[in-house]
Each structure stands twice: as C-alpha cells, then as structure tokens.
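Below is one structure, written out as structure tokens; the observations come after it.
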Amino acid sequence: MESANNTHGILSRSDKIETEPKTEQELSTSTTTAMDSPMSTRPQTPSIFTPSGSTRKPSMETKSNSPIDLNGLSWPSIGAEQRRSESSEERAARLDKMAGAVKTLLECIGEDPDREGLLKTPERYAKALMFLTKGYDESMNDLVNGALFDEDHEEMVIVRDIDVFSLCEHHLVPFCGKVSIGYIPNRRVLGLSKLARIAEMFSRRLQLQERLTKQIAIALDEILQPQGVAVLVEASHQCMVMRGVQKPGSKTITSFMLGRFRSDPKTREEFLSLVR
C-alpha cells in the first residue's frame, strides 16, 4: 500500500532519487558562486549579541532560523538590502513605479484616477506602504544600539500591551493588537524600550500573526541568550472583519515560548497570569 505522501506525488525519505552526478565544471561553478556571495564579505554581527563568558548554547529554533543575518538585517526579504542601501534617486524611482501601479489599480476598480480627490492618492499610498513595511530594512544592530547591560538579575522581566500594527500578507489589509513580551535574564538585560522597538520592527512588514510571534521570541533569544523567552500576541484581523467571514470582535491569540517558559509549566503559568 502506497503512503499518503506518494499519493500526492511527494517522495518520502525512504524513496531513492536518482540524479546524474555533477560535472567538475558544475561543482566549480557552485563553489565559486558561494564564495563570491555578498554575504561572505559583509561584516560580522557585533559582539553585543554574545554575552561575555556565556556557555549557554542557542536553542534549536535559533540555530535553524537565525533571525539576524551578517549585515544586521532580521529575516530579510529578497530586496531588503537593495531597499536599505538605495540612493535618493533610486528611492524616487521606486516610489514612481509604485504610484503607477496604484493608478492602474484605481482604473481597474472602475475609478477615475484623474479626478480631484484621487490625483495624489497613488503617490500618497506609495509613501504610506513604504512606511508600513519599513521593518524590512531596519537593522537589529542599529535598533539595539548597545542597550545591553550586565546585571545581576535573574527574575522575570515583562513588558505588556505593546501596540502593534501590521499587514496581513494574504490580503494586504491591516491587523492590529497588543504584544506582551517576557524573559528571564541570564545576568544580562535589554533596555525596556528595545522590546517595544523589536516588536514594532517585525510588525512593520507583510506578516502572519503566528510568524510575528515566533520571530520576536527567537530574535530576543539570540540577542540576550536568556534563561527563557515568552511572547503573547492578541490581534484583530481586518481580513476577518471587513471581508470573508465578517466577524467583528473576534480576536486571534498566539504564543511562543522558549527555555524555562517552555519546559516549566509554573513559569509559563506565571507569565500568562501576569499579562492577562
């Protein structure tokens, strides 16, 4: 009897895949491409993200999904580096291209983009969309800005009810809500405002609430290397309110726990009781 995976045309791990061996030229090309990658020449992330004398190993989530690349960008999109480093002329050209696309959309929905109320709408929307997605090209190095401090404190630190606004990547409509962040220091603390700034950075891009929650937690775990990190997000999605199922008042709650918050039920329960 065939497995369910093979029914859908997906090979299981036990299936053998026969491929032609790569030629010496192909192997050489592959190696050269990797060596010539811009990532290999970028400066390393500053040592502020590694507590001095720490022997703690990063979690599996951190190892497999490192949130900070070698240039300080956090889970960057394909064009994040280009967007961040473009000149003022290139930025103006980008906005013009976006404005043209918005004008086309207005025409496609039956509007007149040349009427008085819509004349500047394409330009306004292009600028607004760049602001709403500014988290793509923000650097974690610049955001933290050295606000890591050695401190003999090993009790829970919580910043709750951080307002966040984001865009659902499926429909490009807003979802907004509150983020609560907790961590147990490993003799190193982060400036409190930086917790809010990290939540803001990850929310200012096309997002899923589930991914937003996880990205905040894993980023803090890598920066602080604490005993544990917990993130709780409660948000209202306009894709469920303005369209589709149309259920005003519905809330979506997501959480992500690492370290002691995941392994110790009492610690997790204390965090959840304090943020609600």
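Between Arg91 and Asp96 no salt bridge is recorded (no basic side-chain N to carboxylate O distance below 4.0 Å). A salt bridge links Lys134 with Glu138: the closest approach of a Lys/Arg side-chain nitrogen to an acidic carboxylate oxygen falls below 4.0 angstrom. A salt bridge links Asp114 with Lys103: at least one charged nitrogen is closer than 4.0 Å to a carboxylate oxygen. Using a 4.0 Å cut-off between a side-chain N of Lys or Arg and a carboxylate O of Asp or Glu, Lys178 and Glu234 do not qualify as a salt bridge. Salt bridge annotation for Glu200-Arg204: present, with a cationic side-chain nitrogen under 4.0 angstrom from a carboxylate oxygen.
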Step by step, would you call Lys194 with Arg197 a side-chain contact (heavy atoms from CB on, under 4.5 Å)? CA-CA 5 Å; Lys194 305 305 181 185; Arg197 291 185 185 279; 4.2 Å; yes
Please assess Glu151 against Arg187 for the test salt bridge (charged side-chain N to carboxylate O under 4.0 Å, His left out), listing each intermediate value before the final yes or no. CA-CA 5 Å; Glu151 185 64 36; Arg187 298 182 179 274; over 6 Å; no
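Without hydrogens or angle criteria, Gln209 side chain to Val233 main chain gives a donor-acceptor distance under 3.5 Å.
For the pair Val241 and Lys247, the minimum side-chain heavy-atom distance is 4.5 Å or more. No side-chain heavy atom of Glu123 sits less than 4.5 Å from a side-chain heavy atom of Leu95. Using a 4.5 Å cut-off on side-chain heavy atoms (C-beta onward), Arg188 and Pro226 make no contact. Put simply, the side chain of Leu272 reaches to within 4.5 Å of the side chain of Met257, judged on heavy atoms. With contacts defined as side-chain heavy-atom distances shorter than 4.5 Å, the pair Cys176/Val164 does not qualify.
Atom-to-atom distance recorded for Leu73:CG and Glu81:CD is 5.5 Å, nearest 0.5 angstrom.
For the residue pair Glu90 and Gln82, no side-chain donor N or O sits within less than 3.5 Å of a side-chain acceptor on the partner. Under the 3.5 Å distance criterion, with hydrogens and angles disregarded, no donor-acceptor pair is assigned to the side chains of Arg115 and Thr121. Counted by atom type alone, Glu210 and Thr254 present zero donor-acceptor pairs between their side chains at under 3.5 Å.
No more than 12 heavy atoms of other residues, nucleotides or ligands shown are found within 6.0 angstrom of CD on Glu116.
Classified by interplanar angle (parallel below 30°, tilted 30° to 60°, perpendicular above 60°), the ring pair Phe175/His237 is parallel.
Between His153 and Pro185 the shortest heavy-atom distance is O-CB, 3.1 Å.
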